[in-house]
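What follows is a short report on a single structure.
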Amino acid sequence: MRKNFLGSGNDAFVCENCKLTVRPLTNGSYRDHCPRCLYCKHVDVVPGDRLATCQGLMEPVGVEYSPKKGWMILHRCTRCTELRRNKAALNDTEADDYELIIALASSP
Ligand SMILES: [Zn+2]
Ligand SMILES: [Zn+2]
């Protein structure tokens, strides 16, 4: 789906919220959020392009389940309040914290 961006942007990064070093996904897709606290950064205009100038920390505010795509995490930027959906990574060696996703799903 995002194979065009392979090689650019799929690098390890340090989570600005919990300081975890986040390694890239091994299944070929693009990691855009922290598996431990689910925060991400507002760095993309189109997922993977790293063209956004905001650079704000994006907080996980909810999750949605899509029958086609699976769990989608809803992120809101703490700087510009933009909302964005990101696919949860649950089948990777460093999978997202499922408990956290369930907790988000059951919060109002
Ligand atoms: Zn984190
Ligand atoms: Zn932003």
Side-chain angles (χ1 to χ4, degrees):
M1 211 170 89
R2 292 175 188 164
K3 286 215 159 60
N4 294 343
F5 296 113
L6 262 190
S8 62
N10 203 16
D11 305 317
F13 63 95
V14 176
C15 173
E16 288 187 16
N17 183 57
C18 72
K19 311 300 178 200
L20 179 74
T21 299
V22 183
R23 284 188 290 260
L25 288 174
T26 51
N27 64 5
S29 61
Y30 170 75
R31 164 93 77 193
D32 49 20
H33 57 271
C34 174
R36 184 157 80 187
C37 67
L38 305 180
Y39 274 64
C40 69
K41 263 192 91 175
H42 194 184
V43 291
D44 300 327
V45 177
V46 176
D49 68 2
R50 301 273 163 128
L51 290 177
T53 52
C54 175
Q55 306 288 310
L57 195 61
M58 299 191 81
E59 176 188 14
V61 290
V63 288
E64 290 173 355
Y65 188 76
S66 151
K68 278 184 186 160
K69 295 178 178 172
W71 288 102
M72 303 293 289
I73 303 168
L74 207 60
H75 284 107
R76 187 177 56 215
C77 183
T78 55
R79 187 172 290 179
C80 72
T81 72
E82 183 171 305
L83 276 172
R84 167 165 301 224
R85 281 172 185 76
N86 292 300
K87 194 177 183 307
L90 294 170
N91 300 313
D92 195 69
T93 43
E94 277 187 280
D96 290 349
D97 190 334
Y98 194 63
E99 303 274 309
L100 214 53
I101 288 176
I102 296 303
L104 278 170
S106 50
S107 69

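Numbering of ligands and ligand atoms starts at 1, following listing order. We count residues from 1, following the sequence as given. Predicted model, so just to flag it, every value in this text is computed and none were measured.
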* CZ-CG distance between Arg76 and Leu83, expressed to the nearest 0.5 angstrom ->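 Interatomic distance, Arg76 CZ to Leu83 CG, rounded to 0.5 Å: 6.5 Å.
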* Please round to the nearest 0.5 Å and tell me the distance separating atom CD1 of Ile73 and atom CG of Asp32. => 8.0 Å
* To do: State the count of protein N/O/S atoms located less than 2.8 Å away from the Zn ion (ligand 1).
  =>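 With waters ignored, the protein N/O/S count below 2.8 Å is 4.
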[Y] and [X], any side-chain heavy atoms less than 4.5 Å apart:
{"X": "Leu38", "Y": "Val63", "answer": "no"}
{"X": "Asn17", "Y": "Cys34", "answer": "no"}
{"X": "Cys80", "Y": "His42", "answer": "yes"}

* **Under-2.8 Å protein N/O/S neighbours of the Zn ion (ligand 2), ordered by chain then residue number** => His42 ND1, Cys54 SG, Cys77 SG, Cys80 SG
* Can you name the nearest heavy-atom pair linking Glu94 to Thr21, along with the distance? -> OE2-O, 4.5 Å
* Asked: So, does Arg84 use its side chain to make a donor-acceptor pair with the main chain of Asp44 at under 3.5 Å?
  ->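 Confirmed, Arg84 side chain pairs with Asp44 backbone.
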* Structure fact -> Taken in chain and number order and not counting sequence neighbours, the residues that satisfy side chain to side chain contact (heavy atoms under 4.5 Å, CB included) with Tyr65 are Trp71
Could you go through residues 51-61 and list every donor-acceptor pair under 3.5 Å that involves a side-chain atom there, pairing it with any protein atom two or more places apart or in another chain?
{"from": "Gln55", "atom 1": "OE1", "to": "Lys41", "atom 2": "NZ", "distance (Å)": "3.4"}
{"from": "Gln55", "atom 1": "NE2", "to": "Ala52", "atom 2": "O", "distance (Å)": "3.2"}

